[in-house]
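These figures come from a predicted structure and were not determined experimentally. In what follows, chains carry the letters A, B, and so on, assigned in the order in which the sequence lines appear, proteins first and then strands, with residues in each chain numbered from 1.
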Amino acid sequence: GEDVEQSLFLSVREGDSSVINCTYTDSSSTYLYWYKQEPGAGLQLLTYIFSNMDMKQDQRLTVLLNKKDKHLSLRIADTQTGDSAIYFCALSSNTGKLIFGQGTTLQVKP
Amino acid sequence: DGGITQSPKYLFRKEGQNVTLSCEQNLNHDAMYWYRQDPGQGLRLIYYSQIVNDFQKGDIAEGYSVSREKKESFPLTVTSAQKNPTAFYLCASTGTSGRGEQFFGPGTRLTVL
């Protein structure tokens, strides 16, 4: 089945850029998503990218998709302490279910 | 104000007791999902329902049961057969945009005493 991998932890300084990476095995997903989870809360959809796009920018967020390498990334510009959270990548499947990575904990140091 | 609600936020249960977690949505979404989240792990799918009166097992359905009698409601029962039920439970539903994104409730933290 589909496998989605993320590194578990990333630490950055406030004001720096953060890049969170995700690799996957099955390239049939039509949409790929990034979710944010703050402590004790549900997941919040941050952004998504259609599989025929290479890049999508939304304010401080930039999503890059490299289909050849099966690699998805989320760049957060000018990272703030409020960006500290767990970030999940997820891929759509033909069953309607989403396949989630394990999540990357982003720590932002002041 | 549309959204997904889960109640209660915190739930304590004694070993051997069944407990039901509530999930309600007023978004008119057809598909609904239940996930379990353990510390340091991602989301694991318990059950999902794509339409009223129909549901399917996910990856870790053992010890859980669900019902889908109404479009708005998808309650999850954690039975005494679930050996390690302490976890954070998340309910989600799929939007109608055609993009397949899921929208999540705030979660219920279940602790077995």
(message) Using heavy-atom distances under 4.5 Å, tell me whether Q37(B) contacts chain A through its side chain, its backbone, both, or neither.
(response) side chain
(request) Tell me, for Q50(B) versus chain A, whether the close heavy atoms (under 4.5 Å) come from the side chain, the backbone, both or neither. (result) side chain
(request) Start with the C-alpha distance between L90(B) and Q37(A), add both sets of side-chain angles, then the distance that settles side chain to side chain contact (heavy atoms under 4.5 Å, CB included), and finish with yes or no. (result) CA-CA 11 Å; L90(B) 288 160; Q37(A) 184 182 32; 4.1 Å; yes
(request) Identify, with sequence neighbours excluded, every residue that meets ring pair (Phe, Tyr, Trp, His ring centres under 6.0 Å) alongside Y35(B). (result) F100(A), F104(B)
(message) Does atom NZ (K57(B)) have a neighbourhood of more than 12 heavy atoms from anything else shown, all under 6.0 Å?
(response) no
Hydrophobic clusters here meaning ILVMFWY residues chained together by side-chain heavy-atom distances under 4.5 Å, can you tell me if [X] and [Y] are in one?
{"X": "F88(B)", "Y": "W34(B)", "value": "no"}
{"X": "L64(A)", "Y": "I20(A)", "value": "no"}
{"X": "Y24(A)", "Y": "Y48(A)", "value": "yes"}
{"X": "Y64(B)", "Y": "Y33(B)", "value": "no"}
{"X": "L91(A)", "Y": "W34(A)", "value": "yes"}

(request) Without swapping roles, check the side chain of K9(B) against the backbone of G40(A) for a donor-acceptor pair under 3.5 Å. (result) yes
(message) Can a donor-acceptor pair be found, under 3.5 Å and without considering hydrogens, that links the side chain of Y35(A) to the backbone of Q102(B)?
(response) yes
(request) Decide side chain to side chain contact (heavy atoms under 4.5 Å, CB included) for L43(B) and L43(A); before the verdict, give the C-alpha distance in whole Å, the side-chain angles of both, and the deciding distance to 0.1 Å. (result) CA-CA 10 Å; L43(B) 303 177; L43(A) 275 67; 3.7 Å; yes
(message) Could you measure the distance from the OG1 atom of T47(A) to the CD atom of E101(B)? Nearest 0.5 Å is fine.
(response) 10.5 Å
(message) If I measure from the heavy atoms of chain B, does L98(A) come under 4.5 Å with its side chain, its backbone, both, or neither?
(response) both
(message) Heavy-atom cut-off 4.5 Å, strictly under: side chain, backbone, both or neither for T104(A) against chain B?
(response) neither
